[in-house]
Amino acid sequence: MNKTTFLYEGKAKKLYDTADPNMVIVVYKDDATAFNAQKKGTIIDKGIYNNKITEIIYKKLASEGIPTHFVQRLNDREQVCKKVQIIPLEIIIRNFIAGSLAKTLKIEEGKEIDTPILELCYKKDELGDPMINGTHVIALKLATAEDLKTIYDLAHKINTILQKFFIDRDIILVDLKMEFGKLPNGEIILADEISPDTCRLWDKTTKHKLDKDRFRRDLGDIESAYQEVYKRLQ
Ligand code: TMP
Ligand code: ASP
C-alpha cells in the first residue's frame, strides 16, 4: 500500500491518504515536544521505536478482543491504519500518582493507588488540552453518553491488559493516554499510538524512567530508554 495525498502533520506523526478510502498511512517522526510544544527537540530513531512498540501493543490488544485502528506495519516508520474520525478527547488512566496529578494535588510522585484514576482532556492545542469531565463532553457534544460509556469501558480494559503485559516485562505502567476514533459505521475503536511518548513506564526494580519524561525533564539517556522498552517488549 502506498501514500497518496498528504492529510495532516501532527507533533509526532504525519498522516497520508491511500488508494483505499478506508485506510491511511501513519508516518512516525523523531520530533519530540512537551508542554504543548513550548519545548521542542529530536529523539534519534524515536519514530522507528514508537512505530514498532505501537505495533506490538496493538497486536496484543487485538488478541485480547480490543477493537483498534491498527492494520499492519509497512516498514521502520510507517503503518497502515483504518481511517477514523478522531473523538477530540485524551483519556488518561493513572495507576500511580505522577506528572500533572502529583503537581496539582501536591502528592509525592510514585504513590500507588488501588483503583485506577480516569481523566478526560479536551484535545485542543490552542487551549492547552484542558481537563474536563463527562458532563462537559456530553453538553458540548464531543461524544454521546453511550459513546462515553464505551470509551470508559475500553479504556479500563486496555489499562488492565497493558498493566499485566508490561509487568511481565519488568515495567510498571504508571499511566497512559489513549485516543479513540469512530468508523463510518459508528463503531468506536482505539486509535493513535501507545508508546513511551504517551505512557509513563518505570523499571519495576529501580523505578528508572523509560519514557518521554526523560525528555520533558532533561534527564538524559532518552534514546536508550525507548530502545530498552522495545527490547523488553519483543
Ligand atoms: P500528565 O501527568 O502530564 O497529565 O500526563 C499523563 C499521561 O498522559 C502521561 O503518560 C503522558 C501522557 N500525555 C500525552 O500522551 N500527551 C500529552 O499531551 C500529555 C500532557 C500527557
Ligand atoms: N505531546 C505534548 C505536547 O507537546 C506534551 C507531552 O507529551 O508532554 O504538547
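Computed from heavy atoms alone, side chains included, the values below leave out hydrogens, waters and symmetry copies. Treat the numbers as computed from the prediction; the structure is a model and nothing was measured. Every number for a ligand or one of its atoms is a count from 1 in the order of the listing.
- For Lys39, the NZ atom sits in a packed shell: over 12 heavy atoms of surrounding residues, nucleotides or ligands are nearer than 6.0 Å.
- Panel note: side chain Tyr28, backbone Gln79; no donor-acceptor pair is recorded below 3.5 Å.
- Asp76 places no side-chain N or O within 3.5 Å of a backbone atom of Ile48 that could act as its donor or acceptor partner.
- Under a 3.5 Å cut-off, the side chain of Glu112 and the backbone N or O of Phe96 do not form any donor-acceptor pair.
- Between Thr33 and ligand 2, at least one pair of N/O atoms sits closer than 3.5 Å.
- Distance screen at 4.0 Å: atom 7 (C) of ligand 1 has a protein heavy-atom neighbour inside the cut-off.
- Phe70 CZ to Thr54 OG1: the interatomic distance, rounded to the nearest 0.5 Å, is 8.5 Å.
- For the pair Lys29 and Glu9, the salt-bridge criterion is met [side-chain N within less than 4.0 Å of a carboxylate O].
- At least one heavy atom of Arg94 sits under 4.0 Å from some atom of ligand 1.
- Counting protein heavy atoms under 4.0 angstrom from atom 20 (C) of ligand 1 gives zero.
- Cation-pi geometry between Arg232 and Tyr230 is not met: the NZ or CZ atom fails to fall both under 6.0 Å from the ring centre and inside 45° of the normal.
- Contacts of Asp197 with ligand 1, taken as heavy-atom pairs under 4.0 Å, involve the backbone alone.
- Heavy-atom contacts of Thr198 reach the following atoms of ligand 1: 10 (O), 12 (C), 15 (O) (cutoff under 4.0 Å).
- For the side-chain contact (heavy atoms from CB on, under 4.5 Å) with Pro67, the qualifying choice from Leu190, Leu154, Ile188 is Leu154, the only one to do so.
- Note on Asp153 versus Lys149: no salt bridge recorded, every NZ/NE/NH1/NH2 to OD/OE distance being 4.0 Å or above.
- In terms of protein heavy atoms, atom 15 (O) of ligand 1 is closest to Lys177 CE, 3.1 Å.
- Within the 4.0 Å heavy-atom criterion, neither part of Glu119 lies near ligand 1.
- Residue-ligand proximity, Lys212 to ligand 2, at heavy-atom distances under 4.0 Å covers atoms 1 (N), 6 (C), 7 (O).
- Listed by atom number, the atoms of ligand 1 under 4.0 Å from Gly99 heavy atoms are 2 (O).
- Under 4.0 angstrom from ligand 1, the non-hydrogen atoms of Cys199 all belong to its backbone.
- For atom 18 (O) of ligand 1, the closest heavy atom belonging to the protein is Glu90 OE1, 4.0 Å.
- Each of Asp30, Asp197, Asp31 was evaluated against Lys46; a single residue qualifies, Asp197, per the side chain to side chain donor-acceptor pair (under 3.5 Å) test.
- Of the protein's non-hydrogen atoms, the one nearest atom 4 (O) of ligand 1 is Ser100 OG, 2.6 Å.
- Residue-level proximity to ligand 2 for Arg216 is carried by the side chain, the only part with a heavy atom below 4.0 angstrom.
- Of the charged side-chain nitrogens involved, none lies within less than 4.0 Å of a carboxylate oxygen, so that Glu109 and Lys111 do not count as a salt-bridged pair.
- The side chain of Arg216, and not its backbone, has at least one atom closer than 4.0 Å to an atom of ligand 1 (non-hydrogen atoms only; side chain from C-beta on).
- Checking Leu176, Asp175, Asn36 against atom 10 (O) of ligand 1, the nearest heavy atom belongs to Asp175.
- Listed by number with element, the atoms of ligand 2 under 4.0 Å from a non-hydrogen atom of Ala37 are 3 (C), 4 (O), 9 (O).
- Ranking the protein heavy atoms by distance from atom 3 (O) of ligand 1 puts Arg200 NH2, 3.6 Å first.
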